[in-house]
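The model shown is predicted, which means the values in this text are computed figures rather than measured ones. Order of listing sets the numbers, starting from 1, for every ligand and every atom in it. Position 1 is the first residue of the sequence; numbering continues from there.
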Amino acid sequence: MATLAALSSLIFLCLSQLPYYSSAVNRTLGSSLSSATDNNSSWLSPSGEFAFGFRQLNNSDLFLLAIWFNKIPERTIVWFANGDSPAPRGSTLELTTKGLVLNNPGGQMLWNASASPASATVTEAAMLDTGNFVLTGSGSDFVWESFRNPTDTILPTQTLDLGSMLFSKLTATNFSKGRFELHFDNGNVQLNPVAWPSRSIYNSYYSSGTSSIISSESGNKLVFNATGNIYIVKTNGEIAQLSPWVTITPRVDRYYRATLDSDGVFTQYAYQNNSPTNQSWWALRILPENMCTAIFNEIGSGACGFNSYCSIQNGRPSCNCPPGYVFVDPSNRLMGCRPNFRQGCGGDDGSRDPRELYEIREFNNVNWPLGDYERLEPYSQKDCEQSCIYDCSCAVAIYDGSTRCWKKKLPLSNGRYGETEGYSRVLFKVRKGDSSSGFEDNSGSRRREPILLGALLLGGSVFFNAILLVAISLVVFMWHKREAGNNAQDSSVSDTNMPCFTYKELEEATDGFKEELGRGSFGIVYKGDLRSGSRNAIAVKKLDKLVQEREREFKTELSAIGRTHHKNLVQLLGFCDEGVHRLLVYEFMSNGTLANFLFAIPKPDWYLRVRIALEIAKGLVYLHEECNIPIIHCDIKPQNILLDQHFIAKISDFGLSKLLISNQSRTFTMARGTRGYVAPEWFKNVPVTAKVDVYSFGVLLLEIICCRRSVEMECEEENRAILTDWACECYVERRLDVLVDGDETSMADKARLHKWLMIAIWCIQEDPSKRPTMKMVMQMLEGLLEVPQPPSFPSSSFSVSVEY
Ligand SMILES: *[C@@H]1O[C@H](CO)[C@@H](O)[C@H](O)[C@H]1NC(C)=O
Ligand SMILES: *[C@@H]1O[C@H](CO)[C@@H](O)[C@H](O)[C@H]1NC(C)=O
Ligand SMILES: *[C@@H]1O[C@H](CO)[C@@H](O)[C@H](O)[C@H]1NC(C)=O
Ligand SMILES: *[C@@H]1O[C@H](CO)[C@@H](O)[C@H](O)[C@H]1NC(C)=O
Ligand SMILES: *[C@@H]1O[C@H](CO)[C@@H](O)[C@H](O)[C@H]1NC(C)=O
Ligand SMILES: *[C@@H]1O[C@H](CO)[C@@H](O)[C@H](O)[C@H]1NC(C)=O
Ligand SMILES: *[C@@H]1O[C@H](CO)[C@@H](O)[C@H](O)[C@H]1NC(C)=O
Ligand SMILES: *[C@@H]1O[C@H](CO)[C@@H](O)[C@H](O)[C@H]1NC(C)=O
């Protein structure tokens, strides 16, 4: 009993002491704060939970008058006064009978807070433990409250009356008014984009739908209650949720705040109180759920700025530029993109053909729903591209994959990623050779006129060039010799202008087909020497004797590779087509196949592997997009990548490849390729596209990263047998070290390793339309295009269930 009495007297003592402590916190008239000496002079709330005062902006000599959570390391700002006019060092805040006045050192007013009603006299100011900073009048009522003058954030116990608004900051670090506002008007909570830098607003991208013509059923207050729920209270007292939000379990062990973020997403954040491990805010819930698609206005730029596109990454909108475009303001991606070249058509004086100046870049999976100004039909893709290139107004053409061509002009608005219909292709007109545009272009569509010789010579080292020169002159010589009196030749073959050898010549060159180099699709490859000169090594592929069935492969390979000229493709030097003998003659690659190189012990150097991966990608970009007739290789695997004496990678073996004649973008064909590398759609009776090579490249990239085969049946751990599955698993579990098996050089290059793994996972997406094009892959590998988070696991263990 005695103890109880003692305890209650202690409590009484504490309570009676409270006013004393509080008065130490409350500020009387004439109190002031200065940003002159201290970098963050502030007034604290009684428990020290919140602080009101100056905050230094980004280590500059500028200050923000703000309220912040003072007990968490981040000191998160929840209210601020002078975002548009930061206060220089030496500015002062003074409490007067009329309110608060913030003056710069010269005595000019930067900001003020006036008591309301205007007749009221201020006696005190207090920072309360709720986060509300208040001015009290003589009747101890509040004549000004930060809760009634919110900026971008609301806190538990705060309510918003009709007519209230929040505005987003411009960026995370710039407190100027940004591009989005929340309005509580007419009973409705709505989010609006702003016509920045003016404050006029566009149609909302979110609405709570709580407005009603029956006034008692209309929203009256927006409440953020003490235990974390946010809801609307109607005039009749009923509660309505901010749909699709629902009531959450009340919690007192968390800090909460709800902020209209600078990206326009209204987010309720939570922070675990007194948790030593989890010291950060996390987003509990957001409005709207998908910012990228929520905004759709005829005018204004949409969720991101003009000419950019929005994609959701980790639940948040992220803005990016299409190829050939750069951010207007790299420190604020919401400001949109601009072309990194002069938009137009002909040359400055109209004297040059637009085709010399502009080219088309395909950039799929992105949609700008507005801005069409013409629809042409029926048009082929080629016509569509031409039409855009010749049209000064055209910035982008959309081709629907069969007959329709839409042209769009700048600026592009409401761009969003991944919302595309069917097979439509987005064709960007960009200026040739602009620096931002991406990969270095070795040859191809740009200009075929410069002679092959020149192009090839530029592409290699002196030594390599010397060999090539000899080889080519020899071939040309022989070709001319042969042309004089040649025998019957297949017409389809002859139109490739390929030198033709006699069987006897090749038999001699290979010393009777003695030294076997390897086995390709449908044939054995032998080493040989042209004219006994040891420097003129060649590789001769002798196709199997099943002539009838192999006829087509022979022609395919000949016509496919015969048309190509690229540093990263094996060069075909000639052929032989004599009765049953069908042979193909290539340049000799002294360092064998990538398979031999890659799966050796110790692992080959990481940076050499990196270069080789880039070279293979370049070769594929050329095949898909830059040669006259696009070619799908259909059998990309390490056995079909050869390395020359400088370890330059070259794609070989075109026996299975498909020519996409007359602007096809896809083709029906029988299943082909090699198990472990073939894309799932081969087995689905759907048309295949160049994306099958992207898939195989993804597998190959994983092999290059890990230095192991795509399928390893003798694996000790079963989950590692299929490389694609295992790599995804490692990625999700963030175990890159396990994936590269302790390869130190690649671990030291972790950023690239991580990015390339993401690229590989993009490439092996089961849905071909989700895979990037080789051009995008190339740009991502080179760091010119950002790599978004891969969407999900590609279908797991597809490769084991299929027997091919
Ligand atoms: C300090 O100000 C707050 C808010 O006006 C008030 O509740 C409290 O009683 C004040 N304390 C004193 C000692 O005046
Ligand atoms: C200002 O606040 C920061 C934390 O935001 C703190 O680290 C620093 O010591 C403070 N400076 C002064 C002079 O109080
Ligand atoms: C305040 O910040 C400035 C610049 O960031 C620094 O030079 C100065 O030492 C700081 N003053 C105090 C009291 O921390
Ligand atoms: C704040 O500024 C307005 C106009 O700029 C002025 O009318 C008002 O009196 C000022 N209030 C205080 C407390 O100085
Ligand atoms: C903050 O400072 C950093 C470097 O000091 C600078 O790069 C950045 O642009 C600054 N941010 C703002 C908003 O001024
Ligand atoms: C914030 O952005 C605005 C508009 O771009 C700019 O005028 C202002 O200087 C920026 N403020 C700071 C502190 O960087
Ligand atoms: C906050 O709202 C929720 C749901 O309406 C309710 O369960 C809870 O009791 C409220 N908390 C307070 C402190 O009013
Ligand atoms: C902190 O905890 C919450 C819930 O307990 C969780 O959702 C959040 O992801 C955690 N954050 C971190 C960084 O662990």
ask   = What pairs meet the ring-ring contact (aromatic ring centres under 6.0 Å, His included) rule with one or both residues in residues 196-215, with sequence neighbours excluded?
value = Phe180-Tyr205

ask   = Contact between Leu62 and ligand 6, counting heavy atoms under 4.0 Å?
value = no

message = Once rounded to the nearest 0.5 Å, what's the spacing between atom OG of Ser318 and atom OH of Tyr417?
response = 11.5 Å

query = Does the ring pair (Phe, Tyr, Trp, His ring centres under 6.0 Å) test come out yes or no for Phe428 and Tyr325, once each step is laid out?
reply = CA-CA 10 Å; Phe428 265 82; Tyr325 287 61; 5.5 Å; yes

request  = Report yes if Trp196 has an N/O atom closer than 3.5 Å to an N/O atom of ligand 6; otherwise report no.
outcome  = no

message = I want to check something: taking the side chain as every heavy atom from C-beta on, are Ile312 and Asn290 in contact at a cut-off of under 4.5 Å?
response = yes

Atoms of ligand 1, numbered as shown, that sit under 4.0 Å from any heavy atom of Glu124 = 14 (O)

key: Side-chain heavy-atom pair Asp261, Arg316 within 4.5 angstrom cut-off   = yes

ask   = By number and element, which atoms of ligand 1 are closer than 4.0 Å to a non-hydrogen atom of Phe142?
value = 4 (C), 5 (O)

request  = Check step by step if side-chain hydrogen bond (donor to acceptor under 3.5 Å, both in side chains) holds for Thr227 and Asn225.
outcome  = CA-CA 6 Å; Thr227 49; Asn225 87 2; 3.2 Å; yes

Can you give me a line-by-line list of nitrogen or oxygen pairs between ligand 7 and the protein shorter than 3.5 Å?
unit_1   : atom_1 : unit_2 : atom_2 : d
ligand 7 : 2 (O)  : Asn225 : ND2    : 2.3
ligand 7 : 11 (N) : Asn225 : ND2    : 2.9
ligand 7 : 11 (N) : Thr227 : OG1    : 2.8
ligand 7 : 14 (O) : Asn225 : ND2    : 3.4

request  = Answer with yes or no after comparing the ring centroid distance for Phe306 and Trp368 against a 6.0 Å cut-off, counting only values under it.
outcome  = no

query = Is a salt bridge present between Glu786 and Arg333, judged by a nitrogen-to-oxygen distance below 4.0 Å?
reply = yes

ask   = What atoms of ligand 1 come closer than 4.0 angstrom to any heavy atom of Leu128?
value = 4 (C)

request  = Please identify which atoms of ligand 6 are closer than 4.0 Å to at least one heavy atom of Ser176.
outcome  = 1 (C)

query = Got more than 12 heavy atoms from elsewhere within 6.0 Å of CG, Asp329?
reply = yes

